[in-house]
Enquirer: 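First the structure, which I've put down as structure tokens, then a few questions once you've had a look.
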Amino acid sequence: QVQLVESGGGLVQPGGSLRLSCAASGSILSINAMHWYRQAPGGSQRDLVAGITSAGTTNYADSVKGRFTISRDNAQNTVYLQMNGLKPEDTAVYYCNAVLKNDLGYHGSYWGQGTQVTVSS
């Protein structure tokens with residue numbers, strides 16, 4: 001069984017910063033890539049915010065480039081999202097995703113429960 005637990009969300013003023021964390025635990029053999037997605041209020045889909053491979057290659061949505069930074073600690077199976085210069089349009093539920101192989105050799109995509117980020121004055 002695999003669990004992803006996010007933390008670090010909250011309410012912040014425009015221009016402020018937050019750091020999200022996501023720790024993966026359980027029957028994990030290896031993690032290929034980890035991502036952050038978000039779902040805006042009233043939205044029907046989760047949009048990719050940023051991703052990072054086990055080798056450290058990163059990619060970002062155009063809307064967050066230069067403001068958000070994704071990083072990971074492979075030894076701790078943890079991924080972080082440093083969010084600076086937050087804007088009201090960044091308000092969303094942020095979800096952690098991991099593409100990994102469990103100890104039975106199964107490759108799968110796993111999700112956390114989500115953490116709310118609200119940017120408002």
Enquirer: Taking side chain to side chain donor-acceptor pair (under 3.5 Å) as the test, write out the residues that go with S109, two or more places apart.
Expert: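 For S109 the side chain to side chain donor-acceptor pair (under 3.5 Å) partners, ignoring immediate neighbours, are N97.
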Enquirer: Does R19 qualify as a cation-pi partner of Y80, given the criterion of NZ or CZ under 6.0 Å from the six-membered ring centre and within 45 degrees of its axis?
Expert: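 Pair R19/Y80 counts as cation-pi.
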Enquirer: Q13 versus L86: any side-chain heavy-atom pair under 4.5 Å?
Expert: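 Sidechains of L86 and Q13: no contact.
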Enquirer: With sequence neighbours left out, write down each residue that passes ring pair (Phe, Tyr, Trp, His ring centres under 6.0 Å) with Y37, or none if nothing qualifies.
Expert: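 Counting only residues at least two positions away or on another chain, Y37 forms a ring pair (Phe, Tyr, Trp, His ring centres under 6.0 Å) with W111.
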Enquirer: Please determine whether side chain to side chain contact (heavy atoms under 4.5 Å, CB included) holds for the pair L81 and M83, giving the CA-CA distance in whole Å, both sets of side-chain angles, and the decisive distance to 0.1 Å.
Expert: CA-CA 6 Å; L81 186 67; M83 305 185 293; 3.8 Å; yes
Enquirer: Nearest 0.5 Å please: distance from the OG1 atom of T115 over to the CH2 atom of W36.
Expert: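 Taking OG1 in T115 and CH2 in W36, the distance rounds to 7.5 Å.
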Enquirer: So, for S120 and P14, which heavy atoms are closest and what is the spacing to 0.1 Å?
Expert: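 Shortest heavy-atom separation between S120 and P14 comes out as C-CD, 3.6 Å.
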Enquirer: Mind checking what makes salt bridge (charged side-chain N to carboxylate O under 4.0 Å, His left out) contact with R67, not counting sequence neighbours?
Expert: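 Testing R67 for salt bridge (charged side-chain N to carboxylate O under 4.0 Å, His left out), a comparison that skips the adjacent residues, returns D90.
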Enquirer: Can L18 be reached from V93 by stepping across I, L, V, M, F, W or Y side chains whose heavy atoms are under 4.5 Å apart?
Expert: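 In one cluster: no.
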Enquirer: Between N84 and S17, does any side-chain donor sit less than 3.5 Å from a side-chain acceptor?
Expert: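 Yes.
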Enquirer: If only atom types and distance count, is the side chain of T57 paired as donor or acceptor with the main-chain N or O of A55 below 3.5 Å?
Expert: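 Pair absent, no side-chain N/O of T57 close to backbone of A55.
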Enquirer: Could you give me the CA-CA distance, side-chain angles and deciding distance for L48 and H35, then say whether side chain to side chain contact (heavy atoms under 4.5 Å, CB included) is met?
Expert: CA-CA 7 Å; L48 178 66; H35 310 91; 3.9 Å; yes
Enquirer: Check the surroundings of atom CD in E89: do more than 12 heavy atoms from other residues, nucleotides or ligands lie under 6.0 Å from it?
Expert: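 Above 12, so yes.
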Enquirer: Do C96 and V79 have side chains that approach each other closer than 4.5 Å (heavy atoms only, starting at C-beta)?
Expert: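 Sidechains of V79 and C96: in contact.
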Enquirer: Would you say Y110 and N102 make side-chain contact, with heavy atoms under 4.5 Å?
Expert: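 Of all side-chain heavy-atom pairs linking N102 with Y110, at least one is under 4.5 Å.
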Enquirer: In terms of hydrophobic clusters joined by side-chain contacts under 4.5 Å, are V5 and I31 together?
Expert: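 No.
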Enquirer: Check side chain to side chain donor-acceptor pair (under 3.5 Å) between D103 and all other residues, then give those that pass, not counting sequence neighbours.
Expert: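 Residues passing side chain to side chain donor-acceptor pair (under 3.5 Å) with D103: none at all.
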Enquirer: Give me the atom names and distance for the closest heavy-atom approach of D62 to K65.
Expert: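 Minimum heavy-atom contact is OD1-NZ, 3.1 Å.
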Enquirer: Which atoms form the tightest heavy-atom contact between N32 and R72, and what is the distance?
Expert: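 Scanning both residues completely, I find the closest heavy atoms to be O-NH1, 3.6 Å.
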Enquirer: Given 3.5 Å as the limit, does a donor-acceptor pair link the side chain of Y60 with the main chain of I70, or not?
Expert: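 Judged by distance alone, yes, a pair lies under 3.5 Å.
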Enquirer: Could you check if a side-chain atom of L100 sits within less than 4.5 angstrom of a side-chain atom of L29, using non-hydrogen atoms only?
Expert: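 Heavy-atom side-chain distance check fails, nothing below 4.5 Å.
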Enquirer: The criterion is side chain to side chain donor-acceptor pair (under 3.5 Å); which residues satisfy it with T118, sequence neighbours excluded?
Expert: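 Applying side chain to side chain donor-acceptor pair (under 3.5 Å) to T118 gives Q116.
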Enquirer: Would you please name every residue forming a side chain to side chain donor-acceptor pair (under 3.5 Å) with R46, sequence neighbours left out?
Expert: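 In terms of side chain to side chain donor-acceptor pair (under 3.5 Å), with neighbours along the sequence ignored, R46 is linked to no residue.
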Enquirer: If I compare all heavy atoms of G16 with all of V12, which pair ends up nearest, and what's the gap?
Expert: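 For G16 and V12, the tightest heavy-atom pair comes out as CA-CG2, 3.8 Å.
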Enquirer: Can you check whether Y94 reaches Q39 side chain to side chain, under 4.5 Å on heavy atoms?
Expert: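 Side-chain contact under 4.5 Å: no.
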Enquirer: Between Q3 and S25, is there a donor-acceptor pair closer than 3.5 Å when you use the side chain of the first and the backbone of the second?
Expert: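 Side chain of Q3 to backbone of S25: no pair is present.
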Enquirer: Are I28 and V99 linked, directly or through intermediate hydrophobic residues, by side-chain heavy-atom contacts shorter than 4.5 Å (ILVMFWY only)?
Expert: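 Different clusters.
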Enquirer: When rounded to the nearest 0.5 angstrom, what distance separates CG in L20 from OH in Y95?
Expert: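 With rounding to 0.5 Å, CG (L20) is 13.0 Å from OH (Y95).
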Enquirer: What pair of heavy atoms forms the shortest contact from C22 to M34, and how long is it?
Expert: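 Minimum heavy-atom separation between C22 and M34: O-CE, 4.4 Å.
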Enquirer: For S27 versus V2, what's the shortest heavy-atom pair and its separation?
Expert: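 For S27 and V2, the tightest heavy-atom pair comes out as O-CG2, 4.1 Å.
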